[in-house]
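Please read all numbers here as calculations on a predicted model, not as lab measurements. Below, all heavy atoms of this structure are taken into account, side chains as well, without hydrogens, waters or symmetry copies.
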Amino acid sequence: MLGYEPNEFDANFENWLQLIHPDDRERAVGVAQEYLKTKPDVYENKFRLRTKTGEYRWIRAHARVVDRDADGNALYMIGNHEDVTEGMAARESLIESEELFRTVFEQSAVGVAQVRPDGRFARVNTKFCEISGYSPEELRQRTVGDISHPDDMSIDNKYVAQVMKGERDSFDIEKRYVRKDGGVVWIKLFSNVVRDANGDVKYAIATIADITEARDSAERIRESEVKFRALVDNTVDWVWQVDTSGRYTYVSPNVGRIIGYSPEELLGKTPFDLMQPEEALRIGQAFAEIAGRREPIIALEDMMMHKDGRLVIFETNATPVFDGKEAFFGYFGICRDITEGKRAEEALRNTERLESLGILAGGIAHDFNNLLGGVFGYIDMAREVLGRESVALAREYLEKACEAMDRARNLTQQFLTFTRGGGPTVRAARVEPLIANAAGMALSGSAIGCRYDIDEGLWSAVVDENQIGQVINNIVINARQAMASKGEIRVSARNRDIKDEEQEAVVPGTYVEVVIADSGPGIRPETIGRIFDPFYTTKEKGSGLGLATSYSIVKRHRGHLWVESEPGAGAKFTILLPALPEEKDSAGPGFAKAISGSGRVLVLDDVPLIAEMAADMLRGLGYEVRTYASGAEAVRAYQAARETGTPFDAAVLDLTVPGEMGGEEVMEKLRAIDPKVKALVSSGYADSPVMSRYREYGFGGAVVKPYRTRELAWAMHDLLSGRDQEG
C-alpha cells in the first residue's frame, strides 16, 4: 500500500506518526486518544499517509484493543489500514459538483426552474422568483400554465405536446408571464428536457430572461422608424446618408421630385457625380476638410444637375455618424432646394439697388446736368480761345472739361456697380476725391451737411474705386435716412500702420482708415450685432442688403468694416482699406502724366468711335495701330502679321463684341498662336470676372471704359515693360 518492504519499515508508533500528513496529524492523534479514553469497541479514523515515493494516500483505519492492564489502560491494539484514495476523490468531486450546481443555479443572472412532467415547479432560483414575483414555496404549488399569459397558452401546449411525443427535447420561445402583482413581463424561454433510460420525461430545466425592456425599446424603435419614414416621405427636403467616401447609402424616396433621379439610381454614387466639374472640385475640397475634422456640415450651398439638365441650388446640413466605439461612419444629412429662394434673394438685391438709386436720383440728375454743362462749356470756351491763338488757356479749359468727364464717368460707374455685382478691379487710387465724390453724391438734394477731416499726405489705397464708392454711398445713405434730413455727417481719413495684436480681428499691415460718423439717434444694443446681416433691416421698406453688401465689398478688398454706436449718440462706421505708403501725393500711374511708347498695337472694338479714339490715343503716344471690329478678323490679322515678319507687340481687346468672338475667346486663340502674346482687356463693365481677375485669363492688364489717354498710356507701358498691375 505504501510501497515499503517489510524489512524497510520499523512499525512503531513514532514512525507511524511521521507518515501522517502534517495537516491530518493532530486530528488523527486526537481521534486515537479519544478512542483510548472513552473505550468504545471499535476505533475508526481517516487520514493521509505518505508512501515510499513521497505521495499521500487516503487511509481508513480500523482497530480495537485486545489487551489492557489492571487499570484498564490499553496494552496493545490490532487493526488494519484500507486505501480509500479513489473513493475520497470521487466523493470530493461529487461534493464540488453539487456545490457548483447549487451556486450556478442560485446565482444565475437568468431565471432557472426545474419543472416536473405535469408542469409543476419542483425547484426555482432567486432570479426566477424575482421575475415572476412569487416565492419558491408559492411556485412549488403552481404549474407553468398558472403563471403564463392566457393568450400564450396555445404556444406552450404546442411545444409541450411535441416534447411528450418525443419529437423534440428542447425549444426556445418568447412569451409572457403574469406576475403575482398582475403585471405582465415578456420573457425569453429556453427549455431542455431530461429523460430516463426508457425515454420518458423525468423533468425539464427552463431558463428565462426578462426581455420586457428590450421589447418595449424595439417597439419604440419600430414606432420611431414608422414616424421617421412618414416624415421623410412627406418632407419637401431630400434626406440622405453617405459613407466616409461620400457615397450614398440611403436616399429618401422624394428625391425624384426634387432632382429627377430615383433612390436606386443614386445609391453608390456621390453628390460630386451630380455636379459640374468646378462645383464638384469646390464642394469636394470643402467636404474633405470638414469630414477630416469630423465636424457637422452647416448651411453649405451647392449646385447639382437635375436629371433634365437644369441646375438646382441646395442648402445642405449634415451631422457626422459614429458607432458606439466612436468609429466614423459618414454623414446623415438634408438637402433643401433653395433655387427659388436664391432667385427671390437676387430680386431683393435688385430692389435694394433700385431703392438706393431712387434716393440718389434727384441729386444725381442735377449733378449730371451740371457736369455735362461744364464739359460743353469748357470745350466751347477752348474752341473760342484757340481762335485767338491762346493755346495755354485752351489747354486749361480742356483739362477742366476732362475733369468734369472723369466725374461723369465715375457717376456712370456708380450706376453700373449698383445694378451689377462682381469682384473688384483694384488699382492704386487717391482716397480723398473718392470720399468727396461718393459722399457728395449720396447727399445730393439733402439739407444734411458734411464736414471733412482728411490728413495731409494721405496714402493711396488699393481699391476698386467704383465699389468702394458704393460702400461710402451706402453708409452715407444709411446715415441720411437715420437723421431724417437734418444734422451733420463727419468724414475723416488718416494713415494707419497696425502692428501685431494692436487691434483685435484686424490683420497687421498698412491701411487708410476712413471714419463716417453721423449725429442721428444711434443704434440699439440688440440691433448693432446684426446690421451687417443680409436681409436684416429696421426700415419699413428696406431690404437689409445695403450694409451687408458694403461689408462684403470691404472683405473682398481684404479690408475691415465695423460700427460703434450708443443710443442717442449717433453711429460711427470705420473702414480700413489696404494702403500703399510709398504712393503718397500721386497715387501711382493712374494719376500720373501720360507716358509715351513704341510698337505695333492691335485694337479690337466693334464701336468705330471707340476704336478710332483708342487708335488716336495710342498714335499720339508713339504707337503704330491697326483697328478691327471683328474677333475673327483680329485673329487672322495677328496670325498674318507674324507670318510676314511684322508681328504685333500688344493688343487691346474689347471684352464684349455682339454676335462675334469677344476679347476672352480671342485671347484664347491668340495664345494658341503666340503663347507670349501681350494684351489688355477693355470693357465698360468693370464687374466682369475677366476684368477683376484678368491674369487668370491670360491678359496682362485691364482698362475700364471710358478711359483717358494717361490711363491707357500707363496700362500699355506696364504691359510692355512686364510690370504687374495687380502687384
Side-chain angles (χ1 to χ4, degrees), residues 410 423-440 442 450-476 478-479 489-518 523 528-529 531-532 547-566 569-592 692-693 695 701 711 714 718 723-727:
N410 289 338
T425 304
V426 299
R427 66 175 182 178
R430 293 174 59 197
V431 178
E432 183 174 357
L434 191 157
I435 294 172
N437 290 339
C450 188
R451 178 158 53 90
Y452 298 95
D453 182 13
I454 311 296
D455 283 0
E456 291 187 8
L458 191 66
W459 295 330
S460 295
V462 184
V463 296
D464 182 315
E465 296 170 78
N466 296 315
Q467 290 195 7
I468 294 302
Q470 179 187 354
V471 171
I472 295 171
N473 254 294
N474 288 344
I475 294 174
V476 173
N478 192 72
I489 293 176
R490 301 173 303 283
V491 182
S492 62
R494 61 175 178 145
N495 299 327
R496 290 287 307 275
D497 188 358
I498 297 177
K499 307 297 184 183
D500 289 341
E501 300 180 357
E502 180 180 337
Q503 191 156 345
E504 186 179 357
V506 174
V507 178
T510 53
Y511 297 91
V512 173
E513 179 187 80
V514 179
V515 177
I516 302 172
D518 63 58
I523 305 171
I528 195 167
I531 65 170
F532 294 121
L547 292 179
T549 301
S550 299
Y551 187 85
S552 176
I553 290 173
V554 172
K555 283 298 180 184
R556 288 202 302 266
H557 279 75
R558 299 180 184 177
H560 302 273
L561 170 62
W562 68 88
V563 63
E564 301 167 81
S565 179
E566 292 182 7
K572 181 175 75 172
F573 288 81
T574 301
I575 308 168
L576 292 180
L577 301 172
L580 290 177
E582 70 276 10
E583 297 281 358
K584 297 177 184 178
D585 301 326
S586 69
F591 294 89
S692 59
R693 303 193 306 272
R695 291 204 176 277
E711 294 168 2
W714 276 100
D718 291 343
R723 174 175 171 175
D724 188 345
Q725 293 186 43
E726 291 182 320

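Residues Leu434 and Ile472 have side chains in contact (heavy-atom distance under 4.5 Å, counting atoms from C-beta outward). Between Glu432 and Tyr452 the shortest side-chain heavy-atom distance does not fall below 4.5 Å. Counting heavy atoms from C-beta on, the side chains of Trp562 and Val506 come closer than 4.5 Å. Val507 has its side chain within reach of His560: a pair of non-hydrogen atoms, C-beta onward, lies under 4.5 Å apart. When side chains are defined from C-beta on, Asn478 counts as touching Phe573, because their heavy atoms get closer than 4.5 Å. Between Glu513 and Thr574 there is a side-chain heavy-atom pair separated by less than 4.5 Å. Inter-residue side-chain proximity for Leu580 and Trp459 is flagged as unmet; no heavy-atom pair is nearer than 4.5 Å. Side-chain atoms of Val431 and Val463, non-hydrogen and from C-beta on, never get closer than 4.5 Å to each other.
A donor-acceptor contact closer than 3.5 angstrom is absent between the side chains of Asp497 and Thr510.
The minimum heavy-atom distance linking Val491 with Cys450 is given by the pair CG2-SG, 3.9 Å. The shortest heavy-atom contact between Ser565 and Gly570 is OG-O, 2.8 Å. The nearest pair of heavy atoms linking Ala438 to Gly469 is CB-O, 3.5 Å. What you find for Arg558 and Tyr511 is that their closest heavy atoms are O-CE2, 4.2 Å.
Once rounded to the nearest 0.5 Å, the distance linking CZ of Arg496 with CG of Asp455 reads 11.5 Å.
Exactly one residue among Ile516, Asp518, Val471, Ile435 makes a side chain to side chain contact (heavy atoms under 4.5 Å, CB included) with Val476. That residue is Ile516.
Partners of Ser492 under the side-chain contact (heavy atoms from CB on, under 4.5 Å) rule, at least two apart in sequence or in another chain, are Asp453, Val515.
Proximity of a side-chain donor or acceptor of Ser550 to a complementary backbone N or O of Asn474 within less than 3.5 Å is not detected. In this structure, the side chain of Asn495 engages the main chain of Gly457 through a donor-acceptor pair within 3.5 Å. With His557 contributing its side chain and Asp464 its backbone, the two residues share a donor-acceptor pair below 3.5 Å.
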Show your reasoning for whether side chain to side chain contact (heavy atoms under 4.5 Å, CB included) applies to Leu561 and Ile553. CA-CA 10 Å; Leu561 170 62; Ile553 290 173; over 6 Å; no
Walk me through whether Leu577 and Ile468 qualify under side chain to side chain contact (heavy atoms under 4.5 Å, CB included). CA-CA 9 Å; Leu577 301 172; Ile468 294 302; 3.7 Å; yes
Could you please spell out the steps behind the side chain to side chain contact (heavy atoms under 4.5 Å, CB included) verdict for Arg490 and Lys572? CA-CA 9 Å; Arg490 301 173 303 283; Lys572 181 175 75 172; over 6 Å; no
